Amino acid sequence: MPQKCIPTPVYPEQKHLKEKSGDYACLKDELARNLRLNFFEEAEIEKLLGGIDAFVDKKLSRKVAALCCQLSNTSSNLVERTLGHIRSAQAALHGAELETWLSRAFDLLDSSGLQQAVSFISKSGPDDLEKIFGNNFAVKLESVSSRLELYLKGISGMDFRVAASGLKNVCYTDSSTIYLPERLDTFCGPGENKNLLLYRLMAAHKWAQVAEGTLAPGFEGTSSLENSGYKKPSAAMEAEAPTNPLERFLFFAAFGDRDFALDLYNILEAIRLDSFLKKETPGLFEKAKSLRLMLLENRDLPAELSQKEKEKKTFIEGLFELYLAEGAEDAPYKMPSDEMLLPRKIWSEARKHRYAGESALAAFELCRMAADIFSFSAPGSYEPADLLFIGRLRPDEVAREEYARQLALQRKFEGIVAKIMEMPEMLPEPARSGEKKRAPFKPPEPGKTYLLIRGKLIELEEEMLRKISAGGSPASGGVLVDGAAAGGRHVYRLSDLFDLAGKEEPPGASVEKASGLKYDEWDYRRGGYRKGWCTLYEQDVHAGHGPFVEQTLKRYGGYVTALRNKFELLRREPRLLRRQMDGEDIDMDAMVEALADMKAGLLPSGEDLFVRYERKERDIAALFLLDMSGSTKGWVNQAEKESVVLMCEALQALGDRYAIYGFSGMTRGRCDFYRIKSFEEVFGPAVKKRIAGIDPKDYTRMGPAIRHANSILEKTGAKTRLLIVLSDGKPEDYDAYKGDYGVEDTRKALMEARERGVHPFCITIDKEARSYLPRMYGAANYILIDNVRKLPGRIPEIYRRLTA
Amino acid sequence: MAISKQKNLPKNLKVQEFMAIKEEPYYLPMGKEIKLFEAACKNMIPVLLKGPTGCGKTRFMLHMAWKLGRPLVTVSCHDDLTASDVVGRCLVKGGETIWVDGPLSRAVKAGGICYLDEIVEARKDTTVVIHPLADDRRILPVEKRGETLTAPPEFMLAISYNPGYQSVLKELKQSTRQRFMALEFKYPPEELEVEIIRHESGADEALAKKLVMFAGKTRNLKDRGLTEGASTRLLVHAARLINSGIEPVKAFEAAISLSLTDDAEMLETLSEILDSIL
């Protein structure tokens with residue numbers, strides 16, 4: 001018997017724990033060992049361990065033990081203190097809360113290190129805990145960010161990213177990412193969650209800033225200002241002025257105190273943006289009104305300030321309060337009314353400009369007005385105010401983002417030029433029978449600018465075009481021409497051009513690739529995920545040399561033909577079903593028979609007089625995931641490669657969609673995911689070369705590879721999605737990914753696959769049946785092959801059984 | 001005019017099966033589609049209508065049938081639609097088999113307009129049946145009876161499909177699509193959509209504007225969790241519900257959000273967006 005399928009009993013949570021009690025003992029042993037190394041007395045150790053045992057909930061004990069164990073690696077003294085803190089926290093919190101609290105400590109340990117985790121744990125007094133658990137209405141950005149992104153996409157049609165600002169109650173945007181506070185607990189109380197509403201308001205306001213040009217005020221219209229007494233900047237000033245539009249604006253408007261001007265401009269713009277938000281999101285605006293009043297009511301006045309600071313601070317505060325209350329007379333302003341005179345003056349001026357629609361100029365005039373009122377004698381003494389949901393303006397971030405965008409554009413353009421230079425002057429005629437039709441001839445439009453390079457007229461994105469024309473000469477060898485002057489040339493779109501030249505990848509894609517994908521990992525000891533723990537890189541396998549595929553096919557000769565025939569039979573052609581109750585057509589045989597029977601005075605044999613066509617479509621996408629770890633070196637690798645070749649042949653005959661990937665890597669920072677054949681690729685020379693190039697690499701971290709395969713399969717949209725994993729034993733990596741940890745993470749990843757509608761099936765090549773297999777893969781979801789050489793012969797059979 | 005055409009029908013045809021359009025169906029043209037269709041009709045060119053669901057393709061056909069005074073036969077295609085379903089089949093009746101014309105044969109005989117709605121849904125072999133009808137031969141071979149019907153000049157073939165479902169399986173074959181003149185339908189521009197909603201539901205302008213605004217935002221979410229944005233048809237439904245005294249939020253939800261998606265998170269987002277504009 002080459003295979004063994006051991007039925008697995010179901011593991012409910014309790015049973016699972018019992019099994020893991022050995023593990024708990026291990027943790028304790030490790031802890032004791034660490035403590036001993038630090039010269040703890042046996043009695044002390046006993047006491048500590050007893051303390052851990054004392055937790056009634058065993059799951060909790062294990063968590064605590066895991067935490068202590070991790071701490072003891074650094075400093076054993078911490079263990080005692082930590083236990084004390086946990087105990088005092090236990091007094092204040094109930095079970096589930098305590099677990100959350102511990103999980104958060106773990107998260108901190110992973111993300112910010114020991115210091116942060118210890119200081120978090122040490123805040124175990126009832127007051128501190130009240131802060132954490134007191135407000136059940138607090139909203140975490142993590143849990144709503146994807147929804148906020150979707151919301152923004154909906155209301156704006158723009159693709160914003162949402163990320164944590166890292167600062168409490170601070171939000172800002174760099175024009176493509178909106179940074180929001182990690183957590184909002186401003187409001188509490190039943191009814192609609194106002195913290196969520198506040199998040200939405202923040203996000204919408206940032207969108208308004210981007211859409212209405214707050215972040216990039218135009219400065220072109222200065223000439224019209226000259227009439228109103230504005231002096232054109234002197235040559236000296238002009239020379240010093242920053243080039244970023246927002247900075248530049250502030251430079252001229254601020255007269256030395258940049259932070260003050262920034263806050264002032266921000267509020268003035270917010271007043272203007274109100275009309276935008278009112279038009280675009282009237283519902284949100286209405287709701288925000290009451291929210292703003294509530295915020296105003298709970299606003300704290302700035303603390304005692306020096307005289308110089310106070311002037312500006314109170315002015316900003318006053319103006320902001322007016323903004324919150326929309327200038328209402330009877331609003332609960334915190335500022336004394338005599339301080340409100342100046343702000344009110346500016347406010348009413350700002351309101352006048354609200355519908356003017358020109359941001360920079362109006363705001364500039366107002367900033368000037370404010371400047372006339374104050375003597376900005378002490379620049380730099382102003383601290384930015386807390387402007388709640390209108391957040392801050394970060395010209396530096398905006399400039400950085402803009403710079404990155406320009407740089408990416410520049411790179412992309414250079415890449416394009418380089419690629420075009422490589423292309424032959426005459427492009428190959430695209431195959432007419434192929435799926436891709438040739439783009440219809442497109443004459444150049446007069447009045448439109450095109451890039452003319454090596455005889456090809458290219459249509460560029462507007463932004464890129466602007467960038468090129470701003471940079472003076474385009475690039476080596478290319479010129480910008482007007483459509484009218486271009487003659488009867490064919491206009492290429494970039495994508496068409498690269499299609500024709502057989503280069504699938506647009507330039508610039510490689511930059512994205514380098515960043516890697518983040519995947520969570522399951523840590524069974526704490527019963528939670530480590531967020532974004534593994535970084536996975538998808539890449540092509542290096543093409544191998546030698547005609548491996550051809551040789552294999554030759555070697556298996558007759559078997560391949562038989563295999564093809566077998567699989568062709570699986571193909572479901574439309575079938576004619578005879579003698580049906582209803583159908584498309586009359587079954588003439590049945591009809592004649594029935595009529596003859598009737599004529600003969602017999603009862604007709606039935607009413608099944610129709611024929612019907614029946615066709616079941618195979619809508620299967622199968623992904624083969626190969627273990628390319630170092631341990632597969634030799635026969636296993638050879639067998640894997642041969643299996644792949646045979647599978648390709650079989651599936652080619654069957655017509656199912658399939659893809660082949662390999663995985664390996666070293667540590668969580670580099671999980672390699674090798675592309676051998678994607679779903680879209682055909683089984684051609686390139687794929688064959690890559691199959692030949694499948695070589696043993698490093699370690700076996702299965703979790704991230706399975707998770708990535710899941711997401712690839714999900715994208716196929718096939719009705720039946722099959723994930724077939726070929727491996728040679730236990731998951732193992734260079735770091736702590738071994739033993740139960742690896743098994744549990746793999747098991748979890750496979751469970752995730754099932755949840756996402758993927759059917760995972762694992763083929764393990766091993767000499768002996770291991771006890772962990774049924775637990776890791778789940779009963780009947782794996783097969784054990786004891787002799788490597790049998791694998792190529794068996795795998796098509798296994799596939800056939802799985803999909804029949 | 002529609003009536004007079006029907007008088008000339010062959011005797012074995014049942015007139016009532018045709019849609020005799022007596023009143024003008026409301027249609028607000030967005031471009032030159034009416035002119036184009038008329039020209040196609042005059043020159044016996046079959047027409048392909050493409051566009052997202054609920055943007056007015058079927059209404060356009062009704063309108064044109066009325067305008068040209070021809071009977072309209074609509075076949076809604078589905079994945080079990082066979083060639084005999086459209087051409088005709090033998091049925092057994094009292095020990096005899098009798099031939100019954102399918103909708104396509106009837107339309108050919110009567111010189112009407114045959115409109116195959118959502119053609120991609122039909123089986124591939126069914127689509128091929130219309131090929132000889134759709135080129136200059138203009139014939140419909142009825143294999144089972146061994147006869148060939150020749151279409152009169154009044155006969156017109158129109159098909160529709162929605163290119164939005166970007167599925168490999170649901171693509172129209174080149175040999176089919178290259179027989180047709182194509183008219184592209186989009187969601188109407190804002191002002192026109194407002195007018196359409198007002199006309200169809202009797203809603204006031206403010207409500208219609210809100211509906212169009214919401215629709216625009218859902219259309220932003222296409223391919224970000226929604227397969228399609230809200231169609232004009234859904235907006236009309238919502239407006240009608242509101243006119244019958246249903247609370248706006250409920251009506252939006254029932255007529256639009258819940259029709260668009262089952263995904264809980266997406267529904268949440270849609271209600272947040274709705275919240276922001278109502």
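Just so it is clear: chains get the letters A, B, ... in the order the sequence lines come, proteins before strands, and each one is counted from 1. Note that the structure is a prediction, hence the values are computed from the model and not measured.
- For A/Arg161, the CZ atom sits in a loose shell: 12 or fewer heavy atoms of surrounding residues, nucleotides or ligands are nearer than 6.0 Å.
- For a residue to count as touching a neighbouring chain, one of its non-hydrogen atoms must lie under 4.5 Å from one of that chain's; by this rule B/Leu278 touches chain A with the backbone only.
- Using a 4.5 Å cut-off between heavy atoms, A/Lys153 contacts chain B through both its backbone and its side chain.
- Most heavy-atom pairs under 4.5 Å with chain A: of the set B/Ala83, B/Ser84, B/Gly216, this distinction falls to B/Ser84.
- Of all non-hydrogen atoms in A/Pro282 and B/Ile277, the two that sit nearest each other are CG-O, 3.1 Å.
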**OP:** Begin with the C-alpha distance, continue with both residues' side-chain angles, and end with the deciding distance and a verdict on side chain to side chain contact (heavy atoms under 4.5 Å, CB included) for A/Phe285 and B/Ser276.
**Re:** CA-CA 7 Å; A/Phe285 188 77; B/Ser276 298; over 6 Å; no
Subject >> Stepwise salt bridge (charged side-chain N to carboxylate O under 4.0 Å, His left out) test for A/Asp585 and B/Arg89 >> reply: CA-CA 7 Å; A/Asp585 222 329; B/Arg89 60 157 50 95; over 6 Å; no
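- Of the atoms belonging to A/Arg147, heavy atoms from both backbone and side chain fall under 4.5 Å from chain B.
- Under the salt bridge (Lys or Arg N to Asp or Glu O under 4.0 Å) criterion, B/Glu195 pairs with no residue at all, not counting sequence neighbours.
- Taking CG of A/Leu284 as the reference point, atom CG of B/Asp275 lies at 8.0 Å (rounded to 0.5 Å).
- Within the 4.5 Å cutoff, the side chain of B/Lys217 has heavy atoms near those of the A/Glu280 side chain.
- Note that CD1 of A/Ile155 is 11.5 Å distant from OG1 of B/Thr269, once rounded to the nearest 0.5 Å.
- Here B/Glu184 pairs with nothing under the salt bridge (Lys or Arg N to Asp or Glu O under 4.0 Å) rule; sequence neighbours left out.
- Of the inter-residue distances, the one linking B/Glu272 atom CD with A/Leu197 atom CG reads 9.0 Å to the nearest 0.5 angstrom.
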Exercise answer: donor-acceptor pairs, residues 254-262 of chain B side-chain atoms, under 3.5 Å, sequence neighbours excluded:
residue	atom	partner	partner atom	Å
B/Ser259	OG	B/Ala255	O	2.9
B/Thr261	OG1	B/Asp263	N	2.9

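- Atom CD of B/Glu190 is surrounded by 12 or fewer heavy atoms from other residues, nucleotides or ligands within 6.0 Å.
- Residues of residues 229-236 of chain B never come closer than 4.5 Å to chain A when only heavy atoms are counted.
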